[in-house]
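Whatever order the structure lists them in is the order used to number ligands and atoms, beginning at 1.
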Amino acid sequence: MPDTQIQDAAAPVAITAILAELRGIVGDRGLLTEASDTAAYAEDWRKLYQGRTQAVIRPASTAELAAVVAACAKARVALVPQGGNTSMVGGATPSADGSELVLSLSRMNRIRAIDPVDLTLTLEAGVTLKAAQNAAAEAGCLLPLSISSEGTAQIGGVLATNAGGNNTVRYGNARDLVLGLEVVLPDGQIWNGLRRLRKDNTGYCLRQLFVGSEGTLGVITAAVLKLAPRPVEIEVALCAVPTAEAALALYTRCNQHDPAAIQAFEYMSGQGMEFVLRNIDGTSLPLTKSPHYALVELATPCAGAGLREAMEQVLAAAMEDGVVTDAVIAESETQRLALWKLREEHAEAQKREGASVKNDVAVPVSKVPELLARAAIAAQKLMPGIRMVPFGHMGDGNIHLNFEQPMDMPGAEFLAQDHAIMDMVGEIVRDLDGSFSAEHGVGLLKPYMMPEWRGGAELDTMRKIKAALDPHNLMNPGKVLPGMRASS
Ligand code: 2HG
Ligand code: ZN
């Protein structure tokens, strides 16, 4: 469908006219208009996009939010839904022309219900992932979604972007954990789909349309999430491995030993580890320095399952065969967290190190070593001295194939080459039957890739869905679909 069937949003003048109406709906506490208050909402976490907005609207309930959306729809004012603002692809940043208002979910942060028998958690979109995990833990359960930004990221954003993270290898992506949703549609209607059923085969699965839509089809205001029984035995090991092939071989060995026990299998490079040790306070390497590392977590809700022995057995055999050169198993919860910190702080460490170009790619698990080897060669050919910092969720074939500027190159000069670097990686990923965005989404950064990767019937269908639900392009314009608006 041509873009012309989706109309442009309103000019800024309409916004000034609507602000009094919005204040009437959400009250003074619910509306920020001072530039000093709105600035943080207009910039993304990576500082790639500098937007501008005349107001941040902070409704306190679904009814308020629906009234805001209805008023904006009537006035043709575009909205940018925003949770914790931790997007890696500018997915929650308003445009630079000031024509879009930010719709913050932060005040809608109540846990509505938790049921340890049904294993469900019903909560509002503004609850942080960390708070949701804590609520589940207090009820003796596990919310099995874990990402580096979980202290700030909010459930609405996590679902709207179908976040992945560290436990996907066992429990799936955010999408796999959603039983029900409450959504405010672009015209202001509330869809209450907060069902807690494991089986409900009644027509199109609407909730899955909104999960991963990155706020372009409506605003997720609440959800019912699936919980899991809480593990009582957890074993974590950090392993030094000589090659990426060895990291993959270790994953296969863990899988062959007991696939049900693997809770996470993460890969890190020597370069990434060096960045963490240099930039993050309170980190130290508890084993021999290595060009590659794997972090393995095994977990089970069954007491006395013998996970420690299992971990020791697998690692001993792997060491004997040269697959692992050194390893340390956490002896306490403090040590477990310290090992995870070495992995979790990769994004922050990389940010502190300088300018970076990120490639959140996925390939079949078996192809990860080939991906790394080919990218290392192609990158040096493209830009001698470029520093490759691959890390991530090896058990899912999802590698953050990131690059840092050469030591002697100014950051801006490096970032000007971002498309060339992303295209170089894209070519290899495509050849390996992979994806250009495994878990961070498309946002503002990657819509230009959509025609090449998702063109034809797939993109055409996406455009038809968008036009049907949001004919005036008022929901997060410029994100996901290409050619809808030049932004940033
Ligand atoms: C992670 O796995 C996040 O830590 C961030 O997805 C990845 O910084 C990145 O590229
Ligand atoms: Zn990740």
**Request:** Assess the side chains of Glu439 and His393: does a donor N or O sit below 3.5 Å from an acceptor N or O?
**Result:** yes
**Message:** Looking only at the side chains, is there a donor atom on one of Ser146 and Glu150 sitting less than 3.5 Å from an acceptor on the other?
**Reply:** yes
Check: every ligand 1 N/O to protein N/O pair under 3.5 Å:
residue  : atom   : partner : partner atom : Å
ligand 1 : 2 (O)  : Arg343  : NH2          : 2.7
ligand 1 : 2 (O)  : His393  : NE2          : 3.1
ligand 1 : 2 (O)  : His400  : NE2          : 3.0
ligand 1 : 4 (O)  : Ser148  : OG           : 2.7
ligand 1 : 4 (O)  : Arg343  : NH1          : 3.2
ligand 1 : 4 (O)  : Arg343  : NH2          : 3.4
ligand 1 : 6 (O)  : His400  : NE2          : 3.2
ligand 1 : 6 (O)  : Glu439  : OE2          : 3.0
ligand 1 : 6 (O)  : His440  : NE2          : 2.8
ligand 1 : 8 (O)  : Lys358  : NZ           : 2.7
ligand 1 : 10 (O) : Lys358  : NZ           : 3.4
ligand 1 : 10 (O) : Asn402  : ND2          : 2.8

**Request:** State whether a side-chain donor-acceptor pair under 3.5 Å links Gln263 with Tyr171.
**Result:** yes
**Ion pair check, Arg343 and Glu266, cut-off under 4.0 Å** = yes
**Prompt:** Under 2.8 Å from the Zn ion (ligand 2), is there an N/O/S atom belonging to His440?
**Reply:** no
**Prompt:** Do the side-chain N and O atoms of Gln271 and His292 include a donor-acceptor pair separated by under 3.5 angstrom?
**Reply:** no
**Complete:** The N/O/S atom of His400 lying closest to the Zn ion (ligand 2) is NE2
**Request:** Give a yes or no on whether the backbone of Gly91 and the side-chain of Asn476 come within a donor-acceptor separation of less than 3.5 Å.
**Result:** yes
**Item:** Under-4.0 Å salt bridge between Arg387 and Glu353
**Value:** yes
**Fill in**
Per residue Glu439, nearest N, O or S atom to the Zn ion (ligand 2) is named OE2
